[in-house]
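In what follows, chains are A, B, ... by sequence order, proteins preceding strands, each numbered from 1.
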Protein chains: 2
Amino acid sequence: MTQLDTHGMLRGAGLRVTEPRRAVLEALAGLPHASADAVHARVSQTLPDVSLQTVYNVLHDLTGRGLARSIEPGDHPARYELRVGDNHHHLVCTHCGAIADVDCVVGHAPCLTPDDDHGFAVAEAEVMFWGLCGDCKHAVAVPSPASVHL
Amino acid sequence: MTQLDTHGMLRGAGLRVTEPRRAVLEALAGLPHASADAVHARVSQTLPDVSLQTVYNVLHDLTGRGLARSIEPGDHPARYELRVGDNHHHLVCTHCGAIADVDCVVGHAPCLTPDDDHGFAVAEAEVMFWGLCGDCKHAVAVPSPASVHL
DNA sequence: GTCCTTCTTTTGAATTCTTCAAATCACGAC
DNA sequence: GTCGTGATTTGAAGAATTCAAAAGAAGGAC
């Protein structure tokens, strides 16, 4: 595993370097798409005194400074990932909330620029694929009519 | 306004026809992208005794049967819309949660089919554009660095 | 038209994720 | 090393949504 320059990342973002923050960054590196709870659990392994509240604070700071990104899959708790340079989207399991990365479906700019922006200042376009993950595919009974929507 | 065949819609979906359900359908027709609370407020105008809980129940039933669709914009409460035949996506205001429809960015199937589905049974692809709506554009101070993501 | 079964609705409370607030603590500029 | 600002802790609050049990109504059968 590539060593993470947590110090440089935090300082570069104008944040103070603290153990909780370094630990959250490392947790995110080790746990892609982790929930706040999962991050807290992982952080607690090395820093047992870090509170869940602190994890929320840190995640908030990291996303605010662009170091991390939050994914909010509908009715499931928010997930977080390190903001990596590459462009990718997400597969979300409607049953268990599992998330997988999808490489960007190449340079189809149309997906980014709505024909009519209704006066919105569009900052970001997000593509999310909903479905059942491998595990839930077998576990779940009803195979709902897959209504594909674009 | 085109009259809504609420009776036919419900029966066609295998649901009993009740006043609360007809009222919710009509509320959705009149209030695109309404929250459960907004639907409840609208329904209460004609049926003051319908509880918020019932609205949640009905919305759940309607989405389950494919009559309605729920949009879950991150940290804002869920919104609902009648499931219309056309394909469109949504502009969401990151500040106030306002939602606008965007016509489908034409037939770019690539947006629909991830290269690697990681074993997922993909049922739906959703595109969401995040930004500031016309009102909030002026109201909000900081114009954050528009990091476009595809 | 009436009855009966099943599905809906109501009422009231609980759950979960997330945020707020005040006091203590520590990073890091000087 | 000192100091000021920013970070963390603790404890509790908040909001959207869901659960559960009892009462009520839809609609098919007769």
Compare all side-chain heavy atoms of [X] with those of [Y] and state whether any distance is below 4.5 angstrom.
X       : Y       : answer
A:Val43 : A:Val58 : no
B:Leu10 : B:Leu67 : yes
B:Ile99 : B:Glu81 : no

For this session: Please list residues of residues 5-21 of chain B whose heavy atoms come under 4.0 Å from any atom in DNA chain C, ordered by number; otherwise none.
Result: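 Result for residues 5-21 of chain B: B:Leu15, B:Arg16, B:Thr18, B:Pro20, B:Arg21, sorted by number.
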
Exercise. Between residues 46-68 of chain B and DNA chain D, which residues have a heavy-atom gap below 4.0 Å?
Worked result: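 B:Gln53, B:Tyr56, in order of number.
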
Pair up each side-chain donor or acceptor in residues 14-24 of chain A with any protein partner under 3.5 Å, not counting sequence neighbours, and list the distances.
unit_1, atom_1, unit_2, atom_2, d
A:Thr18, OG1, A:Arg21, N, 3.4
A:Arg21, NH1, A:Arg16, O, 3.0
A:Arg21, NH2, A:Asp61, OD2, 3.0
A:Arg22, NE, A:Thr6, OG1, 2.9
A:Arg22, NH2, A:Thr6, OG1, 3.3

Please report the closest heavy-atom contact between [X] and [Y], naming both atoms and the distance.
X        : Y        : answer
B:His89  : B:Ala125 : CE1-O, 4.2 Å
B:Ala121 : A:Lys137 : CB-CD, 3.6 Å
A:Pro73  : A:Ile71  : CD-O, 3.3 Å

Problem set entry | For A:Asp75, side-chain contact (heavy atoms from CB on, under 4.5 Å) partners two or more places apart |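 Listed in chain order: B:Glu72.
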
Exercise. Who pairs with A:Leu31 by side-chain contact (heavy atoms from CB on, under 4.5 Å), at least two apart in sequence or on another chain?
Worked result: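 Testing A:Leu31 for side-chain contact (heavy atoms from CB on, under 4.5 Å), a comparison that skips the adjacent residues, returns A:Ala34, A:Arg42.
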
Problem set entry | Residues in side chain to side chain donor-acceptor pair (under 3.5 Å) contact with A:Glu26, at least two apart in sequence or another chain |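 Partners of A:Glu26 by the side chain to side chain donor-acceptor pair (under 3.5 Å) criterion come out as none, since no residue qualifies.
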
For this session: State which residues pass side chain to side chain donor-acceptor pair (under 3.5 Å) with A:Arg79; sequence neighbours excluded, sorted by chain then number.
Result: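 In terms of side chain to side chain donor-acceptor pair (under 3.5 Å), with neighbours along the sequence ignored, A:Arg79 is linked to no residue.
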
For this session: Specify the angle, to 10°, made by the local axes at the two ends of the helix from C:dG1-D:dC30 to C:dC30-D:dG1 when five pairs are taken at each end.
Result: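 That helix gives 40° between its end axes.
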
Exercise. When you list every nucleotide of DNA chain C with an atom under 4.0 Å from a heavy atom of chain B, which one comes first 5' to 3', and which comes last?
Worked result: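 With heavy atoms of chain B under 4.0 Å away, the range is C:dT6 to C:dG12.
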
Exercise. Do A:Phe120 and B:Val127 belong together in a cluster built from hydrophobic side chains that touch within less than 4.5 Å?
Worked result: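 In one cluster: yes.
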
Problem set entry | ILVMFWY cluster, A:Val50 and A:Leu62 together (side-chain gap under 4.5 Å) |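 A:Val50 clusters together with A:Leu62.
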
For this session: Output all residues satisfying ring-ring contact (aromatic ring centres under 6.0 Å, His included) with A:His118, sequence neighbours left out; order by chain, then residue number.
Result: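 Partners of A:His118 under the ring-ring contact (aromatic ring centres under 6.0 Å, His included) test: none.
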
Exercise. Hey, where on DNA chain D does chain B first and last touch, going 5' to 3'? Cut-off is any atom under 4.0 Å from a heavy atom.
Worked result: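 On DNA chain D, the outermost contacted nucleotides are D:dA16 to D:dG28.
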
Problem set entry | Pairwise ring pair (Phe, Tyr, Trp, His ring centres under 6.0 Å) hits with a residue in residues 7-64 of chain B, at least two apart |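 Every pair satisfying ring pair (Phe, Tyr, Trp, His ring centres under 6.0 Å) with a residue in residues 7-64 of chain B: B:His33-B:His90.
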
